[in-house]
Amino acid sequence: MAFVPGQPVTAVVQRIEIKKLRCNDNLILGFSIGGGIDQDPMQNPFSGDKTDKGVYVTRITPGGPADVAGLKMGDKIMQVNGWDMTMMTHDQARKRLTKKKEDVVRLLVTRKSLQDTVNHSKCPYYKNHDNPNEVLK
């Protein structure tokens, strides 16, 4: 999904609510991020056009809070608790996610499969299941 800084973004998003796991004084989310406006987008394995400086999920701890909530590796984080994440540095994004006083993190994420599903559903043509090579209107 290409986007121009400072311009409105149209994206298909999914809401994900992660309840942080309390371990002594630490609150654990169970995922790692990469990206941010201060990072090299060419290093981002999840950006299709290699110009996207968004914040992406790079690792999920199996069975952890993020995994249980449905977060996926490669998800692009658009918002955290209502805060826009599309113009944040990596460190700003990390701090926004790991606030000690927040036990729950509410994310808006987008992922390629969500966009593909919507694009496919808007297609005016569909295939004849009896004859897959025939396209119907």
Side-chain angles (χ1 to χ4, degrees):
M1 170 179 39
F3 113 103
V4 178
Q7 295 299 310
V9 175
T10 301
V12 179
V13 295
Q14 178 176 344
R15 292 176 191 196
I16 295 180
E17 185 173 291
I18 303 172
K19 292 177 177 67
K20 294 179 181 178
L21 179 64
R22 190 169 293 278
C23 183
N24 298 322
D25 286 340
N26 298 318
L27 293 172
I28 298 167
L29 285 164
F31 73 98
S32 298
I33 60 169
I37 61 171
D38 59 335
Q39 305 295 307
D40 179 4
M42 294 300 287
Q43 301 299 315
N44 185 341
F46 304 109
S47 171
D49 62 10
K50 297 298 181 191
T51 62
D52 188 344
K53 292 188 172 200
V55 175
Y56 285 83
V57 176
T58 57
R59 186 184 63 77
I60 300 279
T61 302
D67 187 26
V68 170
L71 197 64
K72 306 279 184 213
M73 202 163 78
D75 281 354
K76 181 177 180 180
I77 301 173
M78 305 298 284
Q79 284 186 7
V80 172
N81 293 337
W83 291 90
D84 179 19
M85 297 288 282
T86 62
M87 293 297 292
M88 286 195 178
T89 65
H90 182 85
D91 196 49
Q92 288 170 329
R94 183 189 56 77
K95 287 177 181 174
R96 181 65 57 197
L97 285 161
T98 58
K99 285 189 169 227
K100 293 262 186 217
K101 61 184 176 186
E102 295 173 344
D103 289 336
V104 175
V105 174
R106 291 173 183 86
L107 305 177
L108 283 184
V109 301
T110 188
R111 63 177 65 123
K112 187 172 178 357
S113 62
L114 293 171
Q115 190 65 49
D116 290 347
T117 299
V118 170
N119 289 344
H120 182 70
S121 70
K122 292 195 293 189
C123 180
Y125 302 100
Y126 60 94
K127 292 197 180 260
N128 178 347
H129 295 288
D130 296 327
N131 181 0
N133 294 324
E134 179 184 7
V135 176
L136 305 172
K137 286 188 179 182

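All values reported here derive from a predicted model rather than from experimental measurement. Values reported hereafter were calculated over all heavy atoms of this structure, with side chains retained and with hydrogens, waters and symmetry mates removed.
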Begin from the C-alpha positions of Glu17 and Val104 and carry the test side-chain contact (heavy atoms from CB on, under 4.5 Å) through to its verdict. CA-CA 7 Å; Glu17 185 173 291; Val104 175; 3.3 Å; yes
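- Using modelled atom types, one finds no donor on one side chain facing an acceptor on the other under 3.5 Å when comparing Asp84 with Gln79.
- Residues Phe31 and Ile28 are members of separate hydrophobic clusters, defined by side-chain heavy-atom contacts under 4.5 angstrom among Ile, Leu, Val, Met, Phe, Trp and Tyr.
- Side-chain atoms of Asp40 come within 3.5 Å of backbone atoms of Met42 as a donor-acceptor pair (strictly under, hydrogens ignored).
- Minimum heavy-atom separation, Ile37 to Met87: CD1-O, 3.4 Å.
- For the atom pair Arg15 CZ and Leu108 CG, the distance stands at 6.0 Å (nearest 0.5 Å).
- In this structure, the separation between NZ on Lys72 and CD1 on Ile60 is 8.0 Å, given to the nearest 0.5 Å.
- Here the side chains of Thr58 and Met73 are not in contact, with every heavy-atom distance at 4.5 Å or above.
- Residues Ile18 and Ala69 share a closest heavy-atom pair of CG1-CB, 3.8 Å.
- The side-chain contact (heavy atoms from CB on, under 4.5 Å) search around Asp91 returns Thr89, Arg94, Lys95, not counting sequence neighbours.
- Note that the CG atom of Leu21 and the OG1 atom of Thr61 stand 10.5 Å from one another [nearest 0.5 Å].
- The structure places CG of Leu29 at 10.0 Å from CD of Glu102, a figure rounded to the nearest 0.5 Å.
- Side-chain N or O atoms of Asn81 include one that pairs as donor or acceptor with a backbone N or O of Arg106 at under 3.5 Å.
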Should Lys100 and Asp25 be marked as a salt bridge (charged side-chain N to carboxylate O under 4.0 Å, His left out) after you check the CA-CA gap, both sets of side-chain angles, and the distance that decides it? CA-CA 9 Å; Lys100 293 262 186 217; Asp25 286 340; over 6 Å; no
Under the side-chain contact (heavy atoms from CB on, under 4.5 Å) rule, what do Lys76 and Arg111 come out as? Steps first, then yes or no, please. CA-CA 6 Å; Lys76 181 177 180 180; Arg111 63 177 65 123; over 6 Å; no
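- More than 12 non-hydrogen atoms from other residues, nucleotides or ligands lie less than 6.0 angstrom from CZ of Arg59.
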Could you go through His90 and Val55, starting from their C-alpha distance and side-chain angles, then the distance that decides it, and tell me whether this counts as side-chain contact (heavy atoms from CB on, under 4.5 Å)? CA-CA 7 Å; His90 182 85; Val55 175; 5.9 Å; no
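- The shortest heavy-atom contact between Arg96 and Met88 is NE-CE, 4.1 Å.
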What's the verdict on side-chain contact (heavy atoms from CB on, under 4.5 Å) for Leu107 and Leu97, showing C-alpha distance, side-chain angles and the deciding distance? CA-CA 9 Å; Leu107 305 177; Leu97 285 161; 3.9 Å; yes
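- Scanning for side-chain contact (heavy atoms from CB on, under 4.5 Å) contacts around Val68 gives an empty result, with sequence neighbours left out.
- Proximity of Ile77 to Thr86: side-chain heavy atoms (C-beta onward) are nowhere separated by under 4.5 Å.
- The distance from atom NZ of Lys99 to atom CH2 of Trp83, rounded to the nearest 0.5 Å, is 7.0 Å.
- Not one N or O on the side chain of Asp52 forms a donor-acceptor pair closer than 3.5 Å with the backbone of Pro41.
- For the pair Asn44 (side chain) and Phe46 (backbone), a donor-acceptor distance under 3.5 Å is present.
- The heavy-atom pair separating Lys50 from Pro45 by the smallest distance is NZ-CA, 3.7 Å.
- Nearest heavy atoms, Gly30 versus Ala66: O-CB, 3.8 Å.
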